[in-house]
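See structure below.
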Amino acid sequence: MKLLTCPVNGPRPLDEFVFGGEVRAMPDPAAVDDAAWADYVFHRDGAPGVKREWWYHAPSGTWFVAERDTLTDEVKRTFLLGRERR
Amino acid sequence: MAASRLPPRATEWIDRSRPLAFRFEGRGCSGFAGDTVTSALLAGGTLLLGRSFKYHRPRSVLSLANHDANVLVDDGVATNLRADVLPLAEGMHLTAVNTWGGLAADRLRLLDRLSPLLPVGFYYKAFHGRLFPWWERLIRRGAGLGAVNTRAPRVKLAKRYGHCDVLVVGAGPSGLAAACAAAEAGAHVVLADENARPGGSLTWQRAAEPAAREALAELLARAGALRNLEIRAGCVAAGRYDDHLLPLVDARGMTRMRCRALVVAAGAQEQPAVFRNNDLPGVMLGSAAQRLIHRYAVKPGERAVVLAGNEEAYDVALDLRDAGVAVAAVVDFDRAGSPGRERARAAGIEVIEAACVYEAHGKDRVESVTVCPWDGDRARTSQPRAIACDLVAMSVGWAPAGALLYQSGARFAYDAALEQLVPESSPPGTFAAGRVNGVYALSDRLADGARAGQEAAAFAGFAAPSPLRAAPRATRPHSHPYPIVEHARGKNFVDFDEDLQLRDFAHAAQEGFDSAELLKRYSTVGMGPSQGKHSNMNAIRILARLTGRPVAEVGTTTARPFYHPVPLAALAGRGFHPERRSPLHALHDELGAVFMPAGDWRRPEFYACRGWSREACIRAEAKAVRAGVGLIDVSTLGKIEVSGPDAAAFLERLYTGAFAGQRPGTTRYALMLDEAGVVVDDGVAARLAEDRFYVTATTSGAGGVYREMQRWAQVWGMSVGLVNLTGAYAAVNLAGPRAREVLAALTPQEVTESAFPFLAAREAEVAGVPARLLRVGFVGELAYEIHAPADAAAHLWSALLKEGAALGIRAFGVEAQRLLRLEKGHVIVGQDTDGLTHPLQAGLGWAVKLDKPFFIGQRSLRAMAAQPRPRLVGFALDPGYGGEVPKENHLVIRDGRIVGRVTSVAVSETLGRVIGLAYVDPAQAEPGTRFCIRAASGMVWARVVPTPFYDPENARQKGRPELKEVRRVA
Amino acid sequence: MWPRASPLAAFFAGTRARFGEVAGMRVALATPGTPGAVRVADASCFVRAGVKGAGAAAWLGEQGLALPPMANTWIASGGGLVARLGESEFLLEDGYAAGAAAALQVRPPRGVAGVYAAARQDASLLVAGPEASAAMAEVCSFNFSRPDLPEGLLALTRVADVSALVVPLALAGQRAFRLWCDPSYGPYLLECLLEVAEDLGGGAAGLADLLPLPDPS
């Protein structure tokens, strides 16, 4: 089983985590038209590459962001939202 | 007797002081502790050990290395046990698998004569048309392996997690050297080897020579002195999974071993030569003969022919001669001189150069061979020479045991100098050493192992001061490039598991299956129990020749886990099936509860009364709530405390309703949508203080709601504290016109209608327990949801039942509650809604404040609000209806089209009608409209009825039943 | 005070254990028979309190409590313990005698932004005996056996597929474990651990068998 590194709890097997989808910014609901909103709600970019994803470490209740290359399934880094360090 | 026990020798693994008796095919046999079943049988002179999979040809030992797929036995409990490695035990009763009438008299051996009728691809061609049943019966009887004993006792093996810094697979000289080097660098090392003892080739290849014995003794002494090195013998590394997770399987069960770095020193598997009747008992790999001699002191034959394609063949010849076997000749494919050949000649052994074994002869065992000159490509049959022998030892080449490397993502390339596939690159943290890496000389293997061990330790964080250099790969071939001899009459087997002959490959290629992966699937090569360990390499060589390509270009098939069959008992092991129990579980049990699963939870469906039907029990429970008072455990509800300065603003964004203006001490319905505007959960939000809410969620939604709350709190950067109290708090619903009387007696809280009105929330002690009280109306009566710490639940429940006893209080279960709420037309999220339902469809528009600045799902809902969609309506069947009652998910049909479905339905005794909720065409949603449900036995007409069906003015749950008559369904 | 019920009461009620009361909860204190290789006791009785939020550490400090300085560590505290779950959540548990947790239950943080009381009603187990580590290795993938395991480390992880807090500790010179999980999963987790314990040659134990009661004098 794959390991994923929770920024707070360290590397853990994947079955301790819940996937939360890609990190995406919500467009301003008041400003967008229906088509743009539908695109946000329903469309996901499936092209392989480095994606920012939400992951949740269930035993500790920790949400964090993982940068994962969906082509190689390699996780480049993980960090708490807003505590990203370059 | 062909084989017999040799005098005691220093290398043997058997304990002659511990004789063991066992039975094979009903016959009494004996052996010693340390024997395998095969070695004991051979030592006793039994050479016929099994029948082949398809043609039922006689078979015997081939590899003695865990790959003898034609010698599978059944011990009465487990089947398909590999006799070549199965440790002998006292009192075993063994039979060979896949025979009809016993091994020796197997009636299915006639299939061998029919083999021309059963060519490659036969399965695909035969399994259609009218002959299918006939073929199927024949195949099912004839082909196959052992039969599963479904009455065998359950075998429970342990499954555990393990951890180490460096895992070394293979305890030959390379693996031992690697493990020692890594452990000496400070790493915690586990060394796993499938053999009963460590040592690898040092325990069978010229194993009696001082060089081998001294090297082994030195390695074992070095390893034994290292406390951070654990050797696991009899342990198969069955696969390699992401991030270095390897299941290690032994007799006790499975260890899921997680290592930081992996050294694969699994060695090389000897490959057979292909010639006519190369499967006869008595024809075996040279390494098998050597294992018999050195490990088990079994003399593998009296008179041997060694078929040579490499230098190792001469070691075989010398080992045979030293064991007292007469070596009639070494038949060498090659002409060029070699040191081995000179040693053999010096020992008086005849070497026939540039020759091959063209054919072996014998009925149930080899009696002689025909040797023909080999012109580098094929046999010249004009000059045959017959040699009598009872043993043919094949020593023509090797294939790397590279499965774990492949699974790690290593790439292999064909080394033309070595005539072997070797790893070209390995992913980070994976290291190959020894013969699997193409390194053959003993000194080189020791150096290569030490190098790999050091690199692995360094990768795991234990760097060595002076790194070692890589050892050289062998520069001379250890494998013959094409040890394959054509024969007009076939029976020159490439795959012993599947009885595939050389000509089958030509057929497959002719039919266009000419890539390695296609050939495998069409011919089934490598798909038998040994998974191609002694057939894939030859198959690749054959395919290369058939298609006129170099071996390097043909490639190999994918080596997936498991590398080796794993007993189901080890896989099943201990299973985990988490189950949640309410703190009242034992009390429900005492009351006769019949439990039902609700997610992970187990909830009382109803409470069984002796002599009553399920329906009668449920009706009685519902009646108690309508007429008197009932009590239900609702501890499974999600319970989340939302506190902090932004608590109200947070709920405003999260739920559809308005909470900013909610007064402390009141509750409001809380409906949650997803971003697509779909209903995902509902509950009640009680405002306990200006900055503190207590929010309930559905049983199944609780975990997800809390998770999403945590995420949105971060994303929105709001100052809220979230505490999940789902398990920490128990909850019960005390419901019925007399609920107030029960509660009043147990709490100092004033419970009059004015002091504690409908939809109010209070914090007060009940039966001495600090509780949160919510006046809610799910079942449509005067009702109090009482939330209290889980450790007080039993006390609270008992106090309520005791206090209510005089009023006829009754515990009620999930089924009664579903009926009661249906009478009120209350929607259950997930039952009356699905993954597409928006709240306006489900009649929940009243709970949606579309004019708020923002809530999740609002934007989508705005876009969808005007779209015509099926609407959830209440319906009733005609009074006196006596036909089939529709069930949940029966379809609503209009003009022959599906327009909706029934989501809830029940016979309501209170109302004297069948009532339900259903999605219908918006044009049919007006009360009074009739619509059609397709039930199992035909169409049923229903009428749309306004909800609530029962007590439409909600007078009862407001605690004022005197105000209105309960209106029955029109 | 009401009689507190352990989430694991139903199981122990069926054993021949000798019961006693700890902090108002009836708990199996002693079991007959010889100690086995793995012993599992109900430790749910101890009084617990939880505090979480960005301001939790500072607020607890103001209450005069010594806190574990790092995330996911714990310290012994007046017969009980203080555990830091992640960075900003704390679990206080008293021992046999009332202490900081009991005090905090009476006066929880209220109305302080960034400091929130998190009521705890955990099912809690104590796993001890010479094969305690082997038992844990059957139900938990966390590596508690590594030689460089930091002192005072705790793990929020999964045990038998259930989220749990695990604290490795030394008991009578041997590695033992305290486990806390949601009370609704308690009976299940106990069953799992008892099955493992029995396979390894052990079983249920009384709490005082493993964690002796304080000397009454």
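Lettering follows sequence order; numbering is per chain, from 1.
In this structure, Arg107(C) places its CZ atom where only 12 or fewer heavy-atom neighbours from other residues, nucleotides or ligands lie under 6.0 Å away. Other residues, nucleotides and ligands contribute only 12 or fewer heavy atoms inside 6.0 Å of the CE atom of Met70(C).
Looking at Arg12(A), its side chain never comes within 3.5 Å of a backbone N or O of Arg158(C) through a donor-acceptor pair.
A pairwise comparison of heavy atoms in Val8(A) and Asn72(C) identifies O-ND2, 3.3 Å as the closest pair.
Distance CD/Glu87(C) to OG1/Thr62(A): 8.5 Å, rounded to 0.5 Å.
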Please evaluate residues Ser141(C) and Glu16(A) with respect to the criterion side chain to side chain contact (heavy atoms under 4.5 Å, CB included), reporting the C-alpha separation (whole Å), side-chain torsions for both, the decisive distance (0.1 Å), and the verdict. CA-CA 10 Å; Ser141(C) 70; Glu16(A) 294 197 4; 4.2 Å; yes

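For the side chain to side chain contact (heavy atoms under 4.5 Å, CB included) criterion with Ser60(A), the lone passing option out of Leu165(C), Leu156(C), Leu85(C) is Leu156(C).
At a 4.5 Å heavy-atom cutoff, the contact between Thr157(C) and chain A is made by backbone and side-chain atoms alike.
Annotation: maximal heavy-atom pairing with chain A below 4.5 Å, among Gly86(C), Ser163(C), Ala164(C), occurs at Ser163(C).
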